[in-house]
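Keep in mind it's a predicted model, so treat the numbers as computed, not measured.
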Number of protein chains: 2
Amino acid sequence: MPKKTSSPKRRSGCPLNASVEILGDRWSLLIIRDMMLRGFRSYKEFLESYERIATNILADRLRKLVAHGIITTERDPSDGRKLIYSLTTKGIDLAPVLTEMVLWAAGHEDTGNQTLVRLMQKDKEKFLAAVRQRWAEKSIRSTAN
Amino acid sequence: MPKKTSSPKRRSGCPLNASVEILGDRWSLLIIRDMMLRGFRSYKEFLESYERIATNILADRLRKLVAHGIITTERDPSDGRKLIYSLTTKGIDLAPVLTEMVLWAAGHEDTGNQTLVRLMQKDKEKFLAAVRQRWAEKSIRSTAN
DNA sequence: ATTTTCACTTGCATTTCACAAGTAAGATGG
DNA sequence: CCATCTTACTTGTGAAATGCAAGTGAAAAT
């Protein structure tokens with residue numbers, strides 16, 4: 001059973017508004033992309049991603065994503081300094097959103113990464129299944145919450 | 001032929017990054033929702049939408065959406081004060097993005113507008129076809145640019 | 001024991017945002 | 001045809017979010 005008792009003062013009950021309030025900024029979806037498509041799982045990896053997010057913004061976004069139940073954190077058992085971030089099912093369920101945003105930009109803007117785009121265009125459903133599968137293999141824990 | 005010669009300083013060539021730079025704020029997608037789903041076409045209608053956007057932000061977002069080729073403006077021939085905003089094909093092509101964001105929030109957050117959600121869930125493709133059809137009827141001009 | 005790595009926090013300047021008020025051009029009513 | 005209203009904005013101001021540089025504390029590596 002998904003659903004969540006609505007957080008305080010939301011501007012409206014529209015589902016699109018909910019999505020926009022949670023994900024509508026210049027960084028959150030890029031962090032999710034890095035986890036979903038590139039397998040990034042630590043603060044350091046996110047920091048070193050191409051778009052160069054600032055440290056305070058990254059910490060803030062990770063905190064908010066955890067608060068919204070999109071990702072979870074755990075200590076790395078083999079290195080007590082490291083935190084491992086994982087997507088929850090709620091996070092993995094953003095795959096179709098990311099896919100459509102990629103396909104839209106690829107069709108209307110001048111962008112790179114054409115191999116990824118071609119894969120998505122060729123068979124969207126197959127691509128989504130692969131993402132879900134890959135994540136299920138990597139971490140049993142991440143789908144639990 | 002779509003595509004556009006890349007705008008100045010983009011953070012990266014990733015298509016998702018392009019989408020996020022264009023649409024990643026708390027208002028742009030709500031304006032597009034109002035046009036696509038509710039048929040809003042004037043400044044005043046957007047202003048009176050439930051989430052209560054501020055006048056300066058609305059003007060700024062409309063300007064940016066025009067600059068990105070997602071909407072166009074024309075004078076209302078029957079009232080010289082009014083401007084009519086229309087979605088371009090690039091704008092209509094955002095329908096799948098909106099749909100996936102609505103379905104994600106509907107599945108994981110406590111939201112309203114269940115009739116719309118149910119319609120989308122029942123047959124996504126049929127819903128998208130209906131949106132495209134409805135827009136094509138309303139305005140031939142909007143699909144031209 | 002010292003240095004390095006990791007995941008942050010703090011401070012500060014800049015940008016964006018929200019809210020209230022004002023404006024100019026065109027429409028409407030008497 | 002003149003005052004009033006409507007529409008689509010702009011301007012001003014304070015608050016909040018962002019970006020950058022530097023610093024911190026705990027754990028790991030040397």
Measure the distance from [atom1] on [X] to [atom2] on [N] and round it to the nearest whole Å.
X: B:Asp60; N: C:dA18; atom1: CG; atom2: C1'; answer: 13 Å
X: B:Trp27; N: C:dT16; atom1: CH2; atom2: P; answer: 18 Å
X: A:Arg26; N: C:dT15; atom1: CZ; atom2: P; answer: 14 Å
X: A:Lys82; N: C:dC8; atom1: NZ; atom2: C1'; answer: 16 Å
X: A:Phe40; N: C:dC6; atom1: CZ; atom2: P; answer: 14 Å
X: A:Phe46; N: C:dC8; atom1: CZ; atom2: P; answer: 11 Å
X: A:Leu58; N: C:dA7; atom1: CG; atom2: P; answer: 10 Å
X: B:Ile53; N: C:dT16; atom1: CD1; atom2: P; answer: 16 Å

Would you find a donor on one side and an acceptor on the other, under 3.5 Å apart, between the side chain of [X] and the backbone of [Y]?
X: A:Asp34; Y: A:Phe40; value: no
X: A:Gln114; Y: A:Thr111; value: yes
X: B:Thr88; Y: B:Ile70; value: yes

Pair [X] + [Y]: basic N to acidic O under 4.0 Å:
X: B:Lys124; Y: B:Glu100; result: yes
X: B:Arg41; Y: B:Glu45; result: no
X: A:Glu109; Y: B:Lys90; result: yes
X: B:Lys82; Y: B:Glu74; result: no

Using a heavy-atom cut-off of 4.0 Å to chain A, what are the terminal contacting nucleotides of DNA chain D, in 5' to 3' order? D:dT18 to D:dA28
Would you tell me if any nitrogen or oxygen in the side chain of B:Arg61 comes within less than 4.0 Å of OP1 or OP2 on C:dC17? yes
Produce a footprint string for nucleotides 23-30 of chain C: one letter per nucleotide, 5' end first; B if the base is under 4.0 Å from any protein heavy atom, S if only the sugar-phosphate is, - if neither. --BBS---
Which comes earlier along DNA chain D counting from the 5' end, the contact point of A:Asp25 or that of B:Leu47, where each point is its nearest nucleotide? B:Leu47
Upstream residue (5' side of DNA chain D) when B:Ala59 and A:Ile57 are each assigned their closest nucleotide: B:Ala59
Would you mind telling me which residue lines up with the more 5' stretch of DNA chain C, B:Lys64 or B:Thr55, judged by nearest nucleotide? B:Lys64
Between C:dC19, C:dG11, C:dA7, spot the one nearest the side chain of B:Asn56, thanks. C:dC19
Considering every strand and a 4.0 Å limit on heavy-atom distances, what is the contact class for A:Arg63: base, sugar-phosphate, or nothing? sugar-phosphate
From A:Leu128 atom CG to A:Ile92 atom CD1, the distance as rounded to the nearest 0.5 Å: 12.0 Å
Apply salt bridge (Lys or Arg N to Asp or Glu O under 4.0 Å) to residues B:Arg26 and A:Asp25 and explain how you reach the verdict. CA-CA 7 Å; B:Arg26 323 181 105 31; A:Asp25 72 89; 5.8 Å; no
